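Small disclaimer: the values here were computed from a predicted structure and weren't measured. These values consider heavy atoms only, across backbone and side chains, with no hydrogens, waters or symmetry-generated copies.
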Amino acid sequence: MSENPTALITGASSGIGRELARVFAEHGHDLVITARRRERLAEVAAELGERVRVETIPANLATRNGIATLKKGLKERELAVDVLVNNAGAGASGQFVAADAAKSLALIDLNVRALTDLTHFVLPGMLERGRGRILNVASVAAFQALPGMSVYAASKAFVLSFTEALSEELANTPVTVTALCPGLTRTEMVDDLQAAPEFMFASAADVAEEGYRACTAGEVIRVPGVANQALVTWLQYQPRWLKRFLSGIAGRAAFAATEGDEQKDITATA
């Protein structure tokens with residue numbers, strides 16, 4: 001039986017989630033990884049399995065059955081979670097009125113419901129064992145309403161607010177909660193943003209490394225990148241009407257440039 005701590009990482013089949021699996025493995029954590037794509041999970045397990053123990057539980061966390069499947073797998077294998085990494089998430093760009101309602105609700109189920117449900121599931125065990133860390137992957141979008149990405153930004157605002165509140169509830173316990181808030185990150189899921197300058201993108205590996213360091217240090221909020229940190233700091237000192245006005249101008253310009261286009265899924269790390 002391994003004596004390594006165990007990290008449960010959702011959305012581990014690609015992007016930031018896959019890099020988080022790598023960095024936790026590099027630092028001696030056994031892994032439980034989950035995502036929709038069974039073949040991708042097998043690839044990650046094959047890559048990291050010689051270094052640490054890796055358990056795979058394929059599940060679509062955008063559905064209630066998927067969440068139940070993951071929790072059942074953890075129970076049946078008697079896997080105690082020392083670190084929960086709520087990374088699985090999805091986003092879409094486009095006007096809300098043109099969006100498919102089912103897709104918007106699935107986004108909320110994945111970004112909000114699954115994260116909340118899994119935190120409820122693992123937190124009592126962490127407190128009972130006297131150790132635990134929770135890393136929630138939010139976004140710089142959590143700090144500002146984004147016309148054109150309204151549901152996504154709102155879901156990430158929930159993640160940030162939930163993390164901050166829970167960290168205070170657990171302040172006198174051995175369990176810490178961290179929100180990782182990356183900006184644009186170069187993954188396979190941002191092909192629709194190719195027009196953005198390359199310098200605006202961080203690498204998934206760098207974001208994952210920052211997330212790991214923030215989590216193990218017990219930081220509440222980590223915003224990777226100097227430019228993102230400057231943006232978040234600026235936003236904190238502006239009145240809401242001004243932030244809303246400026247983002248509205250940008251959103252309407254984006255709508256005009258893409259008029260007639262269907263809503264596009266831009267991230268899906270599940």
From [X] atom [atom1] to [Y] atom [atom2], the distance as rounded to the nearest 0.5 Å:
X	Y	atom1	atom2	value
Ile57	Arg38	CD1	CZ	11.0 Å
Lys103	Leu105	NZ	CG	13.0 Å
Leu123	Glu128	CG	CD	11.5 Å
Leu110	Asn86	CG	CG	10.0 Å
Ser13	Asn87	OG	CG	9.0 Å
Met126	Leu170	CE	CG	10.0 Å

With a 3.5 Å distance limit and no angle check, can you tell me whether [X] reaches the backbone of [Y] through a side-chain donor-acceptor pair?
X	Y	value
Arg113	Arg64	no
Thr56	Ile33	no
Ser203	Asp206	yes

May I have the list of side-chain donor-acceptor pairs in residues 155-165 shorter than 3.5 Å, sequence neighbours left out?
{"from": "Ser155", "atom 1": "OG", "to": "Asn111", "atom 2": "ND2", "distance (Å)": "3.0"}
{"from": "Ser155", "atom 1": "OG", "to": "Tyr152", "atom 2": "O", "distance (Å)": "2.6"}
{"from": "Lys156", "atom 1": "NZ", "to": "Val137", "atom 2": "O", "distance (Å)": "3.0"}
{"from": "Thr163", "atom 1": "OG1", "to": "Asn136", "atom 2": "ND2", "distance (Å)": "3.0"}
{"from": "Thr163", "atom 1": "OG1", "to": "Val159", "atom 2": "O", "distance (Å)": "2.7"}

Considering all heavy atoms, the nearest [X]-[Y] contact:
X	Y	answer
Ala99	Ser104	CB-OG, 3.9 Å
Asn228	Gly183	ND2-N, 3.5 Å
Leu61	Ala88	CD1-CB, 4.4 Å
Arg133	Cys215	CD-O, 3.2 Å

Could you list all the ring-ring contact (aromatic ring centres under 6.0 Å, His included) pairs where at least one residue sits in residues 12-41, not counting sequence neighbours?
->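 Those involving residues 12-41 are Phe24-His29, Phe24-Tyr212, His27-Tyr212.
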Name of the residue among Leu84, Ile134, Thr34, Val85 meeting side-chain contact (heavy atoms from CB on, under 4.5 Å) with Leu118 =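 Among Leu84, Ile134, Thr34, Val85, the one that satisfies the side-chain contact (heavy atoms from CB on, under 4.5 Å) with Leu118 is Leu84.
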Is the number of heavy atoms from other residues, nucleotides or ligands within 6.0 Å of CD (Gln236) greater than 12?
->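 More than 12 within 6.0 Å, yes.
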Atom CZ of Arg129 with >12 non-hydrogen neighbours under 6.0 angstrom |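 Enclosed.
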Pairs under 3.5 angstrom only: tabulate donor-acceptor contacts from the side chains of residues 218-227 to other protein residues two or more places apart or in another chain.
{"from": "Glu219", "atom 1": "OE1", "to": "Arg222", "atom 2": "NE", "distance (Å)": "2.9"}
{"from": "Glu219", "atom 1": "OE1", "to": "Arg222", "atom 2": "NH2", "distance (Å)": "3.4"}
{"from": "Glu219", "atom 1": "OE2", "to": "Arg222", "atom 2": "NH2", "distance (Å)": "2.7"}
{"from": "Arg222", "atom 1": "NH1", "to": "Glu210", "atom 2": "OE1", "distance (Å)": "2.9"}

Taking C-beta and beyond as the side chain, do [X] and [Y] meet within less than 4.5 Å on heavy atoms?
X	Y	answer
Arg22	Leu48	yes
Ser247	Pro147	yes
Arg240	Phe245	no
Val83	Thr216	no
Val32	Ile9	no
Leu41	Val44	no
Val207	Leu180	yes
Pro182	Ile16	yes

CA sep, side-chain torsions, deciding dist, call: Asp30, Val54, side chain to side chain contact (heavy atoms under 4.5 Å, CB included) | CA-CA 6 Å; Asp30 290 334; Val54 182; over 6 Å; no
Going by atom type alone, with no hydrogens or angles, which donor-acceptor pairs under 3.5 Å involve a side-chain atom of residues 65-74 and a protein atom two or more places apart or on another chain?
{"from": "Thr69", "atom 1": "OG1", "to": "Asn65", "atom 2": "O", "distance (Å)": "2.9"}
{"from": "Lys71", "atom 1": "NZ", "to": "Asp117", "atom 2": "OD1", "distance (Å)": "3.0"}

Less than 4.0 Å between a side-chain N and a carboxylate O, is that true for Arg131 and Asp82?
->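 A salt bridge links Asp82 with Arg131.
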Indicate whether any N or O donor in one side chain lies under 3.5 Å from an N or O acceptor in the other, for Asn60 and Thr63.
->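 Per modelled atom types, Asn60 and Thr63 side chains form no pair under 3.5 Å.
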Can you find a side-chain donor-acceptor pair between Ser14 and Arg37 that sits under 3.5 Å?
->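 There is such a pair between these side chains.
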Using side chain to side chain contact (heavy atoms under 4.5 Å, CB included) as the criterion, list what pairs up with Leu235, not counting sequence neighbours.
->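 Testing Leu235 for side chain to side chain contact (heavy atoms under 4.5 Å, CB included), a comparison that skips the adjacent residues, returns Phe143, Gln144, Leu231, Lys243.
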Partners meeting salt bridge (Lys or Arg N to Asp or Glu O under 4.0 Å) with Arg213 (sequence neighbours left out) |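 So Arg213 forms a salt bridge (Lys or Arg N to Asp or Glu O under 4.0 Å) with Glu209.
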Passes side chain to side chain contact (heavy atoms under 4.5 Å, CB included), Phe96 versus Met149? Steps please.
-> CA-CA 8 Å; Phe96 176 79; Met149 297 179 67; over 6 Å; no
